[in-house]
Amino acid sequence: MPFKKKKETYFSPSFVDFWIINRLKKENSVSLVIMAEEYAKERNISKRSARRVLERHLKALVENGIVERLPTYPVCYKLKKLPIQYLLPQTKNFRLNVSFDLSYNNHNSKTLELNANLKQKLQESRKIGIRVITLANRYRQKALLTAQYKHSIRPGTREHSDIAFLYIENIKEWNNSVMAFENDDEEFMIMNVRTRFNDKKRAFMNVIKSSKALDNAFKQYKNAIMITLTIPHIFPLVIPIKQNGKIIGFIPLQDSILTKLKDRMMAWIRKIWKGEDIKHFTAYEYHGDYVLHIHVIVFGIQYLIPWDKKFGRRKEKEDPFTYYVRSYNISLPSDLEIKMKEGKLEPKDKTLISKYIFTALLNKWLMDILTKFGSALRINLLDAYLNYKRKEKLQGPINEIHRIKNGKWKGKPPKDSILEYSSGAAYRKILSPKQYVLKYVIKMVYAIAQGVSVEEKDQAKVYGYWLFGKRSYSYSPSLLPKKEKKVRVPYWHFVGVFEKLDIPDYVMDNLLYDLT
């Protein structure tokens with residue numbers, strides 16, 4: 001009788017198994033008590049429940065020769081070896097985001113342990129306002145690699161085409177993947193991968209939330225001003241962070257500079273308008289070349305500078321125009337200077353002088369930011385800016401200020417808020433302040449909902465949020481109060497992201513809910 005070879009069975013590792021193995025990798029041996037405490041804290045469950053879960057999984061790991069139980073008290077375990085099943089494609093744990101290691105272009109780039117000096121530098125950079133991207137999926141990793149050191153990326157270039165291709169491929173993978181979750185009974189649940197870039201509901205919720213926040217603000221405040229900020233396009237979009245020759249992250253430099261400039265501006269506005277209830281809504285927008293600019297609507301003030309307030313520390317305080325022009329040595333046109341000395345400034349003159357003052361303040365703040373950022377990154381950012389200013393004969397960062405009253409423009413609206421049509425009869429439409437700041441959010445939602453491709457000239461205006469991991473807007477929390485939610489004990493734990501046709505057996509064999 002011919003001998004039948006017994007079918008080989010493979011041990012299918014679960015999320016808890018991966019957790020145990022990763023924990024044992026850090027030390028020669030670890031006690032069950034310590035592991036239970038750490039697992040309970042991480043999963044927000046009782047120590048008793050954590051111990052029971054770990055004991056079940058440790059028993060299976062011991063039986064499969066992966067973990068060894070030591071004859072010690074308290075009970076300790078150590079790692080023996082990893083079976084080949086942990087390396088097979090069907091058991092890989094595809095995460096939404098993975099740590100950078102661009103020397104390996106795959107899903108499972110290993111988590112790199114930062115050395116102490118680099119970790120401290122990153123912490124110091126974040127403290128002064130430098131944003132650091134250390135997690136991204138493989139598509140964004142390659143896209144950021146393409147964008148490194150570029151000041152802008154124009155449509156029609158190879159770099160732009162590469163980023164657009166990676167964005168589309170990322171959307172395809174999300175649409176063909178599922179997220180898996182596991183409960184403490186080792187049962188699984190799967191659902192479609194949903195992000196603001198591929199899920200209609202999430203995209204519409206972005207519009208609804210931002211629209212509601214603006215509606216609430218315009219109801220509460222009669223007056224507001226909109227400030228548009230941009231910085232010279234001379235700084236890199238992103239610069240890489242390297243360790244031992246490997247890229248482990250990226251700094252979105254233009255984003256960091258502009259965001260810090262906005263923070264300085266808002267701190268100054270709150271200071272000079274002390275006592276007023278100041279709220280704000282910020283729309284983050286990308287030009288067609290991936291360069292960021294922002295629109296900040298400041299609610300509760302009629303003008304940028306309070307005209308009737310006195311400034312300075314002298315016994316005889318000065319009006320705001322005299323104080324700022326003198327303090328920052330601002331050059332004014334001769335007619336304005338004469339009117340100011342004679343105290344005969346008209347409202348339109350005060351508006352114009354406010355523009356000169358604000359530009360000078362932005363210039364000072366930007367130079368301070370570039371000095372700090374340049375010192376932290378060891379890049380001479382300030383000289384690049386000063387040389388650009390001399391070449392272009394600029395006083396400071398380009399900005400625009402527009403007044404809003406009762407939710408409508410007061411005075412001239414922004415030029416790009418005027419839409420001209422010629423269909424049968426020529427006519428034009430002026431976007432309201434609300435429509436103006438939400439135009440790119442709505443453009444993204446339309447593209448997702450309709451499933452249409454974005455025109456090349458507008459692609460960066462949508463893809464930029466994905467590339468830099470940037471939200472579309474922010475606002476004062478009180479403009480949209482959150483509803484109180486009952487606190488529930490976490491039950492489902494995130495396992496990973498898997499392709500629909502490559503979901504591991506250990507998930508499908510213990511599947512409780514299929515929400516795809």
Side-chain angles (χ1 to χ4, degrees), residues 100 114-135 144 147-152 227-243 247-272 280 282 284 286 290-296 298 304 324 327-330 357-392 394-399 464 467-471 474:
F100 282 89
L114 302 181
N115 61 50
N117 290 335
L118 184 57
K119 189 178 293 186
Q120 183 178 356
K121 287 181 180 178
L122 293 183
Q123 291 174 347
E124 292 172 354
S125 296
R126 288 188 170 109
K127 284 182 181 178
I128 65 174
I130 296 176
R131 186 171 160 232
V132 183
I133 301 173
T134 54
L135 288 175
L144 288 166
Q148 66 176 337
Y149 300 121
K150 303 290 190 304
H151 299 160
S152 62
I227 305 169
T228 300
L229 292 180
T230 186
I231 57 174
H233 304 172
I234 58 174
F235 308 109
L237 293 171
V238 289
I239 56 176
I241 306 171
K242 295 183 179 181
Q243 176 178 289
I247 294 177
I248 59 171
F250 276 102
I251 291 174
L253 187 56
Q254 288 188 20
D255 177 350
S256 299
I257 294 171
L258 192 54
T259 302
K260 188 64 177 179
L261 185 61
K262 173 215 163 185
D263 292 343
R264 291 286 297 269
M265 177 193 75
M266 288 305 304
W268 172 75
I269 289 175
R270 288 193 171 95
K271 181 179 179 181
I272 64 171
H280 72 89
T282 304
Y284 303 94
Y286 290 94
Y290 292 94
V291 173
L292 180 68
H293 67 287
I294 60 176
H295 302 295
V296 185
V298 184
L304 181 62
Y324 279 108
S327 299
Y328 293 94
N329 194 26
I330 300 172
I357 293 172
F358 186 54
T359 302
L361 287 169
L362 287 172
N363 180 65
K364 178 185 179 301
W365 298 332
L366 181 57
M367 289 195 296
D368 290 344
I369 292 167
L370 295 177
T371 300
K372 289 181 180 179
F373 283 14
S375 176
L377 301 175
R378 297 183 180 179
I379 304 174
N380 201 334
L381 300 173
L382 181 59
D383 278 357
Y385 171 63
L386 295 176
N387 290 335
Y388 179 82
K389 270 184 60 182
R390 283 192 292 268
K391 181 181 178 182
E392 301 296 328
L394 296 177
Q395 298 300 314
I398 296 173
N399 63 90
L467 176 61
F468 301 108
K470 190 74 174 176
R471 53 188 171 180
S474 63

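We're numbering straight along the sequence, starting at 1. Just so it is clear, the structure is predicted and the values come from calculations on it, not from any experiment.
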Margin query: Does atom NZ (Lys470) have a neighbourhood of more than 12 heavy atoms from anything else shown, all under 6.0 Å?
Written below: yes
Checklist line | Tyr284 vs Asp255, side chain to side chain contact (heavy atoms under 4.5 Å, CB included): CA-CA, chis, key distance, verdict | finding: CA-CA 10 Å; Tyr284 303 94; Asp255 177 350; over 6 Å; no
Margin query: Just so I know, are the side chains of Thr371 and Tyr385 near enough to count as touching, which here means a heavy-atom distance under 4.5 Å?
Written below: no
Check: With a 4.5 Å limit on heavy-atom distance, are the side chains of Thr228 and Thr230 in contact?
Finding: no
Check: Within a strict 4.5 Å, meaning less than it, do heavy atoms of the His280 and Met265 side chains meet?
Finding: no
Checklist line | Spacing of Leu261 atom CG and Leu229 atom CG [to the nearest 0.5 Å] | finding: 5.5 Å
Note to self: How close do Phe468 and Ile133 get, counting heavy atoms only, and between which atoms?
What the structure shows: O-CD1, 3.9 Å
Check: Under 4.5 Å between any side-chain heavy atoms of Leu394 and Tyr388, yes or no?
Finding: yes
Next item on the list: With the side chain counted from C-beta on, respond yes when Asp263 and Trp365 share a heavy-atom pair under 4.5 Å apart, and no when they do not.
Entry: no
Check: Counting only heavy atoms not in Glu124, do more than 12 fall under 6.0 Å of its CD?
Finding: yes
Check: Val291 and Tyr286: side chain to side chain contact (heavy atoms under 4.5 Å, CB included), yes or no, with the steps?
Finding: CA-CA 5 Å; Val291 173; Tyr286 290 94; over 6 Å; no
Notebook entry, point to check: Could you walk me through whether Phe358 and Ile227 pass the side chain to side chain contact (heavy atoms under 4.5 Å, CB included) check?
Noted result: CA-CA 11 Å; Phe358 186 54; Ile227 305 169; 3.8 Å; yes
Next item on the list: To the nearest 0.5 angstrom, please state how far the CD1 atom of Ile234 sits from the CD atom of Gln254.
Entry: 9.0 Å
Check: Is any side-chain heavy atom of Phe250 closer than 4.5 Å to a side-chain heavy atom of Ile239?
Finding: no
Note to self: Using side-chain heavy atoms (C-beta onward) and a distance below 4.5 Å, is Arg264 in contact with Ile369?
What the structure shows: yes
Margin query: What's the separation between atom CG in Leu258 and atom CG in Leu292, rounded to the nearest 0.5 Å?
Written below: 5.0 Å
Margin query: I'd like to check Leu467 versus Leu237 (side-chain heavy atoms, cut-off strictly below 4.5 Å). Are they in contact?
Written below: no
Check: How long is the span from the OG1 atom in Thr282 to the CZ atom in Arg471, to the nearest 0.5 Å?
Finding: 8.5 Å
Next item on the list: Heavy atoms only: give me the nearest Phe373-Ile128 pair and the separation to one decimal.
Entry: CE1-O, 3.3 Å
Check: Which pair of non-hydrogen atoms, one from Leu144 and one from Val238, has the smallest distance, and what is that distance?
Finding: O-CG2, 3.7 Å
Margin query: I need the Leu377 CG to Ile130 CD1 distance, nearest 0.5 Å.
Written below: 4.0 Å
Margin query: Testing the basics here: between Ala376 and Ser125, what is the closest heavy-atom pair and its distance to 0.1 Å?
Written below: CB-OG, 4.4 Å
Checklist line | Closest approach of Ile330 to Ala360 (non-hydrogen atoms, all atoms of both residues) | finding: CD1-CB, 3.7 Å
Check: Are any of the side-chain nitrogens in Lys364 or Asp368 under 4.0 Å away from the carboxylate oxygens of its partner?
Finding: yes
Next item on the list: Step through the shown structure and confirm whether more than 12 heavy atoms of other residues, nucleotides or ligands are within 6.0 Å of CD1 on Ile398.
Entry: no
Item checked: Plane angle bin for His293 and His295 - parallel if under 30°, tilted between 30 and 60°, otherwise perpendicular -> perpendicular
Item checked: Distance in Å, Leu366 CG paired with Thr359 OG1, rounded so as to fall on 0.5 Å steps -> 12.0 Å
Next item on the list: May I have the step-by-step check of side chain to side chain contact (heavy atoms under 4.5 Å, CB included) for Met367 and Leu382, ending in yes or no?
Entry: CA-CA 6 Å; Met367 289 195 296; Leu382 181 59; 3.7 Å; yes
Notebook entry, point to check: Any idea which heavy atoms bring Lys260 and Gly129 closest together, and the distance?
Noted result: CD-CA, 4.4 Å
